[in-house]
Amino acid sequence: MTMHRSRRNFLRLAGGVALAAPFACSRDGRAHAGRVVVIGGGAGGAIAARMLSRFGGGLDITLVEPKTLYTTCFFSNRYVGGVQDFESITHGYDRLAEDPGVRVLRQAAAAIDPEARTVTLSGGETVGWDRLVVAPGIDFRWDAIEGYGPEATKIMPHAWRAGAQSRLLRAQLEAMEDGGTFLIAPPEEPYRCPSGPYERVSLVAHYFSHAKPKSKIVILDAKSEFPLQAQFEEGWANHYPGMIEMIPADFSGGPRAVDPSTMTVMSEDSEFKVAVANIIPPQLAGKVARDAGLADGSGWCPVNQESFESAIIPGVYVIGDAAIASPMPKAGYAANLQAKLCVRAIVGEMTGKTVAAPVIGGACWSHITPRQAVREYAEYEYSDGAIRRTALDISPTGEDDNQRAVTAGEADRWYRDITHEMFG
Ligand SMILES: Cc1cc2nc3c(=O)[nH]c(=O)nc-3n(C[C@H](O)[C@H](O)[C@H](O)COP(=O)(O)OP(=O)(O)OC[C@H]3O[C@@H](n4cnc5c(N)ncnc54)[C@H](O)[C@@H]3O)c2cc1C
């Protein structure tokens with residue numbers, strides 16, 4: 001670590017000129033202002049690549065992302081609940097790949113070498129960088145729930161990374177007989193999208209209410225309380241009375257083990273035999289970030305919350321769910337803001353240009369019915385490398401249906417805007 005710091009100090013002492021690399025050549029042989037590699041083309045990484053192109057003026061930008069299509073986790077509960085089709089939450093990288101200075105490599109990053117400043121790709125090739133942005137999202141703690149590992153997800157999906165897992169869960173719900181039980185097991189915090197499991201409960205309940213009205217939903221929670229609990233519980237009582245049973249951790253001890261061969265989920269003292277089980281394990285930063293030594297003992301990556309530069313490896317920036325950005329939630333809107341903050345810092349360092357600070361605020365939206373939503377809006381400020389929340393505005397209980405419909409309309413606009421910013 002000392003060595004990284006002294007290397008950076010040397011480069012900074014050089015006034016950024018060395019890093020601005022006016023003498024360096026890009027892939028096409030033209031001079032460029034420096035190389036930035038972005039690992040992961042999701043809510044954080046796609047925006048970082050695009051903003052580097054827009055504000056970086058001549059930076060050589062490489063986005064490393066193995067998928068050709070990205071399915072958003074946001075609004076994936078609407079797909080799971082049968083409200084939207086899969087295509088409407090799936091986007092391609094074609095437009096992003098046309099941004100000036102950007103190339104998209106359809107490979108995974110296998111390893112990061114902070115000393116040599118290279119990324120080794122799954123195909124074996126290495127790519128050099130002057131600055132590295134790491135945005136791989138989450139991985140799962142496979143040792144947390146006995147019997148629940150990658151193999152078990154084929155029978156009991158987590159659907160917490162959108163794509164094939166979301167399709168599997170939707171197919172299971174469609175195939176389920178009326179009168180069956182759907183069990184969802186949300187994890188302890190911190191995890192991706194704190195209110196997401198409960199929005200999923202709402203939209204599956206909506207599906208059951210018209211397609212399988214005798215069915216039940218059990219929430220076997222690893223927590224004793226959950227975000228927007230009063231709003232959700234009020235909505236469930238109003239729209240899906242008698243369908244949803246919440247079993248908090250202080251009552252059950254939370255999910256302890258599963259047996260996919262018998263579709264059984266166990267808590268400390270109970271067994272649940274269910275038709276469909278959605279197990280969402282506890283989480284940690286994506287593997288490539290952990291393997292590079294960017295995570296601390298918590299499994300997440302500490303950063304300077306003003307620039308999102310790693311607190312462990314200088315010159316490397318970690319954004320999105322992998323970063324410790326609390327009090328910001330692990331949410332798409334937060335990943336988007338963090339990408340803009342880190343681009344501002346990188347462009348400033350590498351080119352000397354000043355990029356205006358983004359407005360540090362945004363909302364998480366949760367649907368209680370397909371056309372009624374609640375929101376949790378927060379504003380933040382930062383100083384001395386730490387973010388603080390300065391405002392919080394949560395949809396109150398008792399709101400009328402019209403206001404909830406207005407909020408659902410805001411959520412639609414947010415989805416359209418954020419995906420346009422990423423892929424449009
Ligand atoms: C059900 C659900 C609902 C949600 N709803 C909302 C919502 O309404 N609003 C909201 O703001 N947020 C919501 N979220 C949260 C949001 O999806 C995440 O916070 C956001 O996607 C995090 O962005 P990210 O860039 O960190 O990770 P991701 O968006 O997951 O992107 C990570 C990318 O990195 C790639 N990758 C991983 N490893 C490598 C590697 N080694 N090499 C190269 N690429 C790699 C992956 O393929 C992926 O494309 C929801 C999440 C869920 C699960």
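Computation of the quantities below employed the complete heavy-atom set of this structure, encompassing side-chain atoms and omitting hydrogens, waters and symmetry-equivalent molecules. In listed order, ligands and their atoms are each counted from 1.
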Shortest protein contact, atom 44 (N) of ligand 1 (heavy atom only): P66 CD, 3.3 Å
For atom 13 (C) of ligand 1, what is the closest protein heavy atom, and at what distance to 0.1 Å? C193 SG, 3.8 Å
Please lay out, stage by stage, how D412 and R371 fare under the test salt bridge (charged side-chain N to carboxylate O under 4.0 Å, His left out). CA-CA 10 Å; D412 288 344; R371 291 295 352 129; 3.1 Å; yes
Can you see which heavy atom on T351 is nearest to which on G56, and at what distance? CG2-O, 3.4 Å
Y191 contact mode with ligand 1 (heavy-atom cut-off under 4.0 Å): neither
Could you check whether R170 makes a cation-pi contact with Y207, meaning its NZ or CZ is under 6.0 Å from the centre of the six-membered ring and within 45° of the ring axis? yes
For atom 12 (N) of ligand 1, what is the closest protein heavy atom, and at what distance to 0.1 Å? G332 N, 2.8 Å
Show the atoms of ligand 1 that are less than 4.0 angstrom away from any heavy atom in N77. 1 (C)
Can D296 and I324 be said to form a side chain to side chain contact (heavy atoms under 4.5 Å, CB included), step by step? CA-CA 10 Å; D296 65 16; I324 299 174; 3.6 Å; yes
If you scan protein heavy atoms around atom 21 (O) of ligand 1, the nearest is Y70 OH, 3.5 Å
With a 4.5 Å limit on heavy-atom distance, are the side chains of E306 and L341 in contact? no
Given that the side chain starts at C-beta and the backbone is N, CA, C, O, which of these parts of W160 lies under 4.0 Å from ligand 1, counting heavy atoms, or is it both or neither? both
Report, in ascending order of atom number, the atoms of ligand 1 lying under 4.0 Å from any heavy atom of V288. 41 (N)
Numbered atoms and elements of ligand 1 in range of S76, under 4.0 angstrom, heavy atoms: 1 (C)
Looking only at distances, please establish whether an N/O atom of ligand 1 is found under 3.5 Å from an N/O atom of K67. yes
Do S76 and S166 have side-chain atoms, one donor and one acceptor, less than 3.5 Å apart? no
Distance only, no hydrogens: is a donor on one side chain within 3.5 Å (strictly under) of an acceptor on the other, for Y198 and D221? yes
Please list, in number order, the atoms of ligand 1 under 4.0 Å from a heavy atom of A335. 23 (O)
Is the closest basic N to carboxylate O distance between D139 and K287 below 4.0 Å? no
Is R167 close enough and on-axis enough to F86, meaning under 6.0 Å and within 45°, for cation-pi? yes
Can you tell me which portion of K330 lies within the under-4.0 Å heavy-atom range of ligand 1? Options are side chain, backbone, both, or neither. backbone
Which part of A43 is near ligand 1, with near meaning a heavy atom under 4.0 Å away: side chain, backbone, both or neither? both
Cut-off 3.5 Å, side chains only: do T71 and T90 have a donor facing an acceptor? yes
re atom 25 (O) of ligand 1, the protein heavy-atom contact at minimum distance is G44 N, 2.8 Å
Any idea which part of R161 is under 4.0 Å from ligand 1, heavy-atom wise: side chain, backbone, both or neither? neither
To check your reading of the model: name the closest protein heavy atom to atom 43 (C) of ligand 1, its residue, and the distance in Å. V64 O, 3.3 Å
Contacting atoms of ligand 1, where contact means under 4.0 angstrom from a heavy atom of A135: 32 (C), 33 (C), 34 (O)
Just by distance, with hydrogens left out, do R78 and Q84 show a side-chain donor and acceptor under 3.5 Å apart? yes
In ligand 1, which numbered atoms sit nearer than 4.0 Å to a non-hydrogen atom of W365? 8 (O)
Does an N or O from E65, backbone or side chain, lie closer than 3.5 Å to an N or O of ligand 1? yes
Hydrogens and angles aside, do T72 and Y415 bring a side-chain donor and acceptor to less than 3.5 Å of each other? yes
What protein heavy atom is closest to atom 18 (C) of ligand 1, reported as residue, atom name and distance in Å? D321 OD2, 3.4 Å
Salt-bridge criterion met for R103 and D60 (N-O under 4.0 Å): no
Say whether, by atom type as modelled, one donor and one acceptor occur between the side chain of Y79 and the main chain of G82 under 3.5 angstrom. no
Answer with yes or no whether G286 contacts ligand 1, where contact means a heavy atom under 4.0 Å from a ligand atom. no
Looking at non-hydrogen atoms alone, which of A109, A108, G41, S366 comes nearest to atom 41 (N) of ligand 1? A109
Counting heavy atoms only, name the option from A46, P136, C73, G196 that's nearest to atom 3 (C) of ligand 1. C73
Which one holds for R192 and ligand 1: side chain close, backbone close, both close, or neither close, with close meaning a heavy atom under 4.0 Å? side chain
Quick check: closest heavy atoms across D113 and W129, and the distance to 0.1 Å? O-CZ2, 3.9 Å
Just by modelled atom types, is the S395 backbone N or O under 3.5 Å from a matching donor or acceptor in the Q231 side chain? yes
What protein heavy atom lies closest to atom 9 (N) of ligand 1? Include the residue and the distance to one decimal. W414 CH2, 3.3 Å
Report, in ascending order of atom number, the atoms of ligand 1 lying under 4.0 Å from any heavy atom of G137. 26 (O), 27 (O), 32 (C)
Under 4.0 Å to a heavy atom of G320 - the qualifying atoms of ligand 1, by number: 26 (O)
